[in-house]
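Residue numbering restarts at 1 for every chain, and letters A, B, ... go by the order of the sequence lines. Below, all heavy atoms of this structure are taken into account, side chains as well, without hydrogens, waters or symmetry copies. All values reported here derive from a predicted model rather than from experimental measurement.
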Protein chains: 2
Amino acid sequence: MEPIRPDLVPNPAVRRLSFYLRQMESFQRKGLATVSSKQLGDSLGFTDAQVRKDMSYFGQFGHPGVGYPVEEMITQLRHILGTDKTWNVLLVGAGNLGRAMLAYRGFDVRGFRIVAVFDADRNKIGKKMASLMIQPLTALEKTIAAQSIRLAILAVPAEHAEEVANRLVEAGIRGILNFAPVTLTLPPKVAVNSVDVAVQLEQLSFHVNFPALEPSGQS
Amino acid sequence: MEPIRPDLVPNPAVRRLSFYLRQMESFQRKGLATVSSKQLGDSLGFTDAQVRKDMSYFGQFGHPGVGYPVEEMITQLRHILGTDKTWNVLLVGAGNLGRAMLAYRGFDVRGFRIVAVFDADRNKIGKKMASLMIQPLTALEKTIAAQSIRLAILAVPAEHAEEVANRLVEAGIRGILNFAPVTLTLPPKVAVNSVDVAVQLEQLSFHVNFPALEPSGQS
DNA sequence: GGATGTGAATGCATTCACAGCA
DNA sequence: TGCTGTGAATGCATTCACATCC
């Protein structure tokens with residue numbers, strides 16, 4: 001419950017937080033009660049100093065001579081990341097990728113629930129997908145307001161991504177996970193994370209061609 | 001065709017290369033012949049200095065007073081990234097996400113082609129998915145050798161990811177795009193890119209809770 | 001002894017700023 | 001004038017190393 005000052009926290013540290021949480025949950029499943037910065041770091045490919053420094057940005061969670069309490073860290077990390085409560089998420093794009101997102105089992109346990117699906121295609125509207133009725137884009141604003149949705153997954157073709165994103169933002173969405181291969185230009189108040197699978201493969205292509213670099217670096 | 005020394009190139013610069021290429025292709029579709037570092041940077045949220053510095057790591061592509069020739073840059077960037085030739089890619093995991101990857105139209109044009117699909121599920125083996133026959137994991141080694149495959153997309157449940165990844169590496173795979181929510185521990189010669197969609201949403205969650213940071217930063 | 005937490009030191013990446021070319 | 005290419009300067013992030021505590 002510390003007064004986090006995000007401007008003092010390196011962005012990379014925030015990204016690593018998610019991995020710490022994921023790994024802590026794995027340690028918990030293995031029955032470990034405490035974990036040292038070295039153990040945690042090794043399991044993720046970070047140094048122990050890195051782990052300790054990152055933790056220190058958010059508070060004092062460890063016990064000297066002992067390590068970090070697994071259970072408590074999970075609670076803390078969830079709180080910091082804001083996933084100790086469940087987020088309602090909306091999905092735009094009921095194609096193959098949209099279906100995969102909807103079917104993904106991993107969201108619930110991490111604090112996310114897709115509660116609405118939208119598509120522009122008249123043939124899809126009204127049909128059901130994993131128990132959710134596919135809605136027309138005209139219903140966007142009403143649904144976002146009614147269920148106070150702040151996060152959206154954008155799985156539409158590149159040509160429509162920018163336009164849909166703008167509508168989402170106007171309707172109150174504050175964070176977008178974008179799968180379309182375009183750079184979205186949005187107001188700074190909106191957080192955007194883009195995943196372009198072709199870009200991911202290009203990176204691999206480069207590193208396979210020039211193996212000197214990148215000691216198994218995980219994005 | 002310069003002698004690229006990857007050890008002299010900042011990793012972040014390599015990541016941006018893909019975005020430069022993507023954007024250049026967009027400029028090309030708009031019919032532009034040349035683009036300045038400022039135009040390119042603005043369109044991606046980078047500074048002009050950043051763009052010029054990045055380019056300079058790989059050669060001298062621009063013309064003072066004019067900018068960068070779009071067509072030629074596309075050729076160059078593809079060559080640097082190694083996507084001027086098509087990579088054969090294999091897919092492990094014929095679930096929803098696997099299906100989405102297989103159906104994705106964006107791969108071909110960027111130099112990737114999924115040529116084989118594998119799954120552990122007996123019920124799926126032998127069935128077809130987008131014209132590819134789903135193969136058992138026992139066929140992994142033979143197929144990789146026969147089609148000289150170097151890249152793989154891993155879309156299997158978390159529990160099996162590590163094990164399958166090890167097999168892929170032993171069979172000669174040199175780059176893995178991993179969608180399973182685990183950190184893979186592999187030899188340094190293997191390039192790994194991981195996409196954990198829950199982690200992506202967690203990042204958004206954090207930034208929505210603490211909007212001070214991140215001026216619409218795109219991962 | 002074994003581990004954390006953290007200022008100080010180091011190492012990278014970005015940005016500046018300007019010489020030089022079209 | 002307009003823009004690139006690049007050393008030099010700055011600014012961040014990581015790592016070191018050690019005081020501190022169980």
Side-chain angles (χ1 to χ4, degrees), chain A residues 2 4-17 19-20 24 27 32-70 72-73 76-77 80 212-215 217-219, chain B residues 2 4-17 19-20 24 27 32-70 72-73 76-77 80 212-215 217-219:
Chain A
E2 273 72 28
I4 298 173
R5 261 156 260 127
D7 43 308
L8 300 182
V9 181
N11 242 297
V14 177
R15 256 173 273 137
R16 283 188 296 267
L17 236 46
F19 294 99
Y20 295 146
M24 282 294 189
F27 284 134
L32 296 182
T34 63
V35 165
S36 72
S37 56
K38 179 131 202 340
Q39 285 177 283
L40 181 52
D42 285 352
S43 71
L44 290 165
F46 309 145
T47 66
D48 55 334
Q50 178 84 84
V51 171
R52 291 198 301 278
K53 178 65 87 177
D54 285 347
M55 298 299 188
S56 79
Y57 290 126
F58 298 95
Q60 320 218 129
F61 304 120
H63 299 285
V66 180
Y68 297 89
V70 172
E72 193 190 318
M73 282 306 305
Q76 291 290 346
L77 288 169
I80 295 167
L213 210 57
E214 187 87 353
Q218 221 126 152
S219 108
Chain B
E2 272 73 28
I4 297 174
R5 259 155 262 128
D7 44 308
L8 299 183
V9 181
N11 243 296
V14 177
R15 258 173 271 137
R16 285 188 294 267
L17 237 43
F19 294 100
Y20 296 144
M24 282 293 189
F27 284 133
L32 295 182
T34 63
V35 164
S36 73
S37 57
K38 179 130 202 342
Q39 284 178 282
L40 181 52
D42 284 351
S43 71
L44 289 165
F46 309 146
T47 66
D48 54 334
Q50 179 84 84
V51 171
R52 292 198 300 278
K53 179 65 86 178
D54 285 348
M55 297 301 186
S56 80
Y57 290 125
F58 297 97
Q60 319 218 128
F61 304 120
H63 299 285
V66 180
Y68 296 89
V70 173
E72 191 190 318
M73 281 306 305
Q76 290 290 346
L77 288 169
I80 295 166
L213 210 57
E214 186 88 354
Q218 220 126 153
S219 106

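- Taking atom OH of residue A:Tyr20 and atom C1' of nucleotide C:dT4, one finds them 14 Å apart after rounding to whole Å.
- Protein atom NZ of B:Lys38 is 14 Å distant from nucleotide atom C1' of C:dT15, rounded to whole Å.
- Checked against side chain to side chain contact (heavy atoms under 4.5 Å, CB included), B:Pro64 has no partners two or more places apart in sequence or in another chain.
- The side-chain hydrogen bond (donor to acceptor under 3.5 Å, both in side chains) test applied to A:Tyr68 returns no partner, not counting sequence neighbours.
- The distance between atom CD of B:Gln39 and atom P of D:dG2, rounded to the nearest whole Å, is 14 Å.
- Within the structure, every pair that satisfies the salt bridge (charged side-chain N to carboxylate O under 4.0 Å, His left out) test and touches residues 43-52 of chain B, not counting sequence neighbours, is listed here: B:Asp48-B:Arg52.
- Between the P atom of C:dT4 and the CD atom of A:Glu72 lies a distance of 14 Å, rounded to the nearest Å.
- For residues 34-43 of chain A, the set of pairs meeting the salt bridge (charged side-chain N to carboxylate O under 4.0 Å, His left out) definition, not counting sequence neighbours, comprises A:Lys38-A:Asp42.
- Residues passing the side chain to side chain contact (heavy atoms under 4.5 Å, CB included) test with A:Thr47 are A:Ala49, A:Gln50, sequence neighbours excluded.
- Rounded to an integer number of Å, the gap from A:Phe58 CZ to C:dT6 C1' is 16 Å.
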- Task: Using a 4.0 Å cut-off on protein heavy atoms (strictly under), produce a 5'-to-3' string for nucleotides 5-14 of chain D with B for base contact, S for backbone-only sugar-phosphate contact, and - for none.
- Result: BBBB----SB
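- Here CZ of A:Phe19 is found 8.0 Å from CG of A:Leu44. Values are rounded to the nearest 0.5 Å.
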